[in-house]
Amino acid sequence: MSPNGNRLAVLSFAFTVIAQAQPAVKTGSGIQRTMTLLATSTPAHRNPVRVLFYGQSITKQEWSQAVAQDLRTRYPSAELTIENRAIGGYSSPFLIQTVAHDVYGFYPDLIIFHDFGDQQIYEKIIAGIRSHTTAEILIQTDYPTWMHVDGEPDTPASVKREEFHQRHSFEWLPDLCRRYACEVIDVRRPWIQYLNDNRLKAGDLLADGVHLNARGNNLLAEITKPYLRYDPSLPQPDLTKNYQIGRDAEWKKGRLKIEFEGNRVDLIAGSNGPHHAAEADVWIDGKRPSENPDLYFITRPTDTYSVDWPAINRVTAKKPLLVEDWTLRLLEEDEVDSRWRFEVEGSKTGPDGTGLGTQPFVSKSGRVAIDPDVWGVKRAYDLRHQQTPIGFEVHWSVIPMFIDTYRAPRIADPSKEYAITAAQGLSNGRHTLELVARDKTNPPINWIRVYRPPIK
């Protein structure tokens, strides 16, 4: 069969099996805010939509590119931003260390997620996403990497592993999704049926016993796509609220004030003509946003010397941050990369102390804190057996998730939404936003959009 014929057969099969296997809850029931934004986009009004693929090496494979392209093809009017930040080899005990760097700042509308590992930690990842963002989450169940074949002996380890994945996929994940209002993609059931119907072994869809070959990538993509469906009969979650200026809030003597509940607030520019440069000072809870330490975001540190894993999975701080770039430089190490001596330096803070990777580290300013269990360099050495050279540098940045002054942008394309985030990373509760015009002209703002994560 030709490659195209094989793909069409897989697609037809996947849609048929999914339709037959659906539970009472319709596919798409947990992602209708995102799907509505996609489906209601028009050439005259292009809704911005952010999609994130997250997990480990399986999520990095080619199927995710096929799903991303399918969204772009089906919804050409949407202003789509799609990223894949999955990290190979990062089961839940490691992914929970990177999720704040990778997900919270990106603040997606939709996450397509799959991961292995400890279930309690897995749940903490989902809970963290649901309490720090308004992202809807599609969670894939596990496809089989082994199945019983008549006439061949069953290894106890394989049987035990697949029994776990059965329970994980058909019991634990559906229960998790019910409790956290996510949606589960039933990958396992149609996958097993596809193997049986085509008289295939599990390994026939795998490249190395775990990862997917081309046929496996096609199947996973075609199983996933039907879940990304718009259905106006399904309820939408109450995750965002739009305040229309002139109806829900008004400028009064150069001031605009609203009370809101959530952890992020965006200002959506209006048609401005000659007033595109009008400005307003931003105040939240009576303070400038720059005074709130929660609104400074630390990016994911760069990779190890030999593997595309973060050299440090999680960097935090003990004192308020500055917007700046940071460098950690290796000064000394042992022969297996298990004991680093390093120095850190900020582009504004300057040299900020030295430390050992085997001990908790807090820089002199308190703007860098690293726990000893978040380093990725020893795992990288164990995998590649390549020692990190002295002088090797790890980089990250502190970026602002706020503005102190709103300057109305020039509307170059009326079909696009010009949104500027006034603050992101607030405590998920009640706040007051106040804008104060800097001159006699109020900045043209159509809407104020508030994001309220479903878990406080």
Side-chain angles (χ1 to χ4, degrees), residues 1-23 27 53-71 73 84 86 88-89 91 112-117 138-174 177 183-229:
M1 181 179 290
S2 69
N4 286 338
N6 181 62
R7 183 182 181 280
L8 289 173
V10 169
L11 184 151
S12 176
F13 161 82
F15 272 81
T16 300
V17 170
I18 290 171
Q20 293 172 348
Q22 286 314 304
T27 56
F53 291 87
Y54 202 52
Q56 50 189 119
S57 56
I58 292 167
T59 305
K60 293 180 68 173
Q61 291 199 257
E62 289 79 2
W63 70 267
S64 62
Q65 299 170 27
V67 172
Q69 185 56 48
D70 177 66
L71 287 175
T73 301
N84 192 325
S91 58
I112 300 176
F113 184 81
H114 178 268
D115 198 33
F116 295 114
L138 266 175
I139 301 178
Q140 294 171 322
T141 64
D142 305 335
Y143 56 75
T145 57
W146 172 88
M147 285 177 60
H148 169 77
V149 177
D150 289 341
E152 295 184 7
D154 296 342
T155 62
S158 297
V159 172
K160 184 176 181 180
R161 182 182 66 246
E162 290 307 314
E163 286 177 347
F164 166 80
H165 289 301
Q166 286 280 107
R167 295 192 301 272
H168 181 76
S169 297
F170 295 140
E171 298 175 19
W172 189 81
L173 276 176
C177 288
E183 181 161 356
V184 62
I185 300 178
D186 183 3
V187 171
R188 193 171 183 84
R189 185 177 286 109
W191 198 285
I192 291 172
Q193 185 170 336
Y194 180 81
L195 293 175
N196 289 332
D197 289 353
N198 290 275
R199 298 181 180 179
L200 298 172
K201 296 180 181 180
D204 291 334
L205 302 185
L206 307 176
D208 56 8
V210 176
H211 298 94
L212 302 170
N213 60 22
R215 194 170 185 178
N217 272 291
N218 279 341
L219 182 57
L220 185 54
E222 302 309 332
I223 289 174
T224 301
K225 290 175 187 178
Y227 285 82
L228 295 161
R229 61 184 291 271

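Computed from a prediction, not measured in an experiment: that's the story for all the values here.
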**Student:** Any side-chain donor paired with an acceptor under 3.5 Å for R215 and Y194?
**Tutor:** yes

**Student:** With D204, which residues qualify under salt bridge (Lys or Arg N to Asp or Glu O under 4.0 Å), at least two apart?
**Tutor:** none

**Student:** Can you check whether D186 reaches Y227 side chain to side chain, under 4.5 Å on heavy atoms?
**Tutor:** yes

**Student:** State the CG-CE distance between N196 and M147, to the nearest 0.5 angstrom.
**Tutor:** 4.5 Å

**Student:** Just jot down the ring pair (Phe, Tyr, Trp, His ring centres under 6.0 Å) partners of F164, sequence neighbours excluded, or say none.
**Tutor:** H168

**Student:** Using 30° and 60° as the class boundaries, would you call the ring planes of H114 and Y143 parallel, tilted or perpendicular?
**Tutor:**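 Judged by the thresholds at 30° and 60°, the geometry between H114 and Y143 is parallel.
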
**Student:** Checking N217 side chain against N213 main chain: does a donor-acceptor pair fall under 3.5 Å?
**Tutor:**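 A pair under 3.5 Å: yes.
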
**Student:** Looking only at non-hydrogen atoms, find the nearest pair between A86 and Q56 and report the distance.
**Tutor:** CB-O, 3.4 Å

**Student:** A side-chain contact here means heavy atoms from C-beta on lying under 4.5 Å apart; do F113 and T59 qualify?
**Tutor:**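 Not touching, per the 4.5 Å side-chain cut-off.
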
**Student:** Run the ring pair (Phe, Tyr, Trp, His ring centres under 6.0 Å) test against Y54 and tell me which residues pass, sequence neighbours left out.
**Tutor:**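 Not a single residue meets the ring pair (Phe, Tyr, Trp, His ring centres under 6.0 Å) criterion with Y54.
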
**Student:** Taking side chain to side chain donor-acceptor pair (under 3.5 Å) as the definition, give me every residue that meets it alongside R167, ordered by chain and number, with sequence neighbours left out.
**Tutor:** none

**Student:** Please test T73 against Q69 for side-chain hydrogen bond (donor to acceptor under 3.5 Å, both in side chains), starting from the C-alpha separation and ending with a verdict.
**Tutor:** CA-CA 6 Å; T73 301; Q69 185 56 48; 3.2 Å; yes

**Student:** Under the side chain to side chain donor-acceptor pair (under 3.5 Å) rule, collect the residues that match up with S91, sequence neighbours excluded.
**Tutor:**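 Partners of S91 by the side chain to side chain donor-acceptor pair (under 3.5 Å) criterion come out as none, since no residue qualifies.
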
**Student:** Once you round to the nearest 0.5 Å, how far does CG of L138 lie from CD1 of I185?
**Tutor:**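 If I round to the nearest 0.5 Å, the distance is 4.5 Å.
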
**Student:** To the nearest 0.5 angstrom, please state how far the CH2 atom of W191 sits from the CG atom of D142.
**Tutor:** 11.0 Å

**Student:** Applying side chain to side chain donor-acceptor pair (under 3.5 Å), can you list everything that pairs with N84, at least two apart in sequence or on another chain?
**Tutor:**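 Partners of N84 by the side chain to side chain donor-acceptor pair (under 3.5 Å) criterion, ordered by chain and then number, come out as S64.
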
**Student:** Heavy atoms, side chains only, cut-off 4.5 Å: are C177 and I139 in contact?
**Tutor:**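 Contact flag for C177/I139 side chains = yes.
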
**Student:** Are H165 and F116 close enough that their ring centres sit under 6.0 Å apart?
**Tutor:** yes

**Student:** Does Q61 reach the side chain of L220, with side-chain heavy atoms less than 4.5 Å apart?
**Tutor:** no

**Student:** Starting at OG of S169, measure out to CD1 of I192 and round the result to the nearest 0.5 Å.
**Tutor:**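 Reported to 0.5 Å precision, the distance equals 8.5 Å.
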
**Student:** Mind checking whether Q140 and I223 have side chains closer than 4.5 Å, heavy atoms only?
**Tutor:**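 They are not in side-chain contact.
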
**Student:** Taking all heavy atoms of G209 and all of T145, pick out the closest pair and write down the distance.
**Tutor:**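 G209 and T145 have their closest heavy atoms at O-CB, 3.4 Å.
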
**Student:** Per the salt bridge (Lys or Arg N to Asp or Glu O under 4.0 Å) rule, what does the pair list look like for residues 152-166, sequence neighbours excluded?
**Tutor:**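 Those involving residues 152-166 are E152-K201, E162-R188.
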
**Student:** Can you sort out the partners of D208 under side chain to side chain donor-acceptor pair (under 3.5 Å), two or more places apart, ordered by chain and number?
**Tutor:**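 Expected list: H211.
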
**Student:** Check side chain to side chain contact (heavy atoms under 4.5 Å, CB included) between V67 and all other residues, then give those that pass, not counting sequence neighbours.
**Tutor:** F53, W63, I112, A221, T224, K225, L228

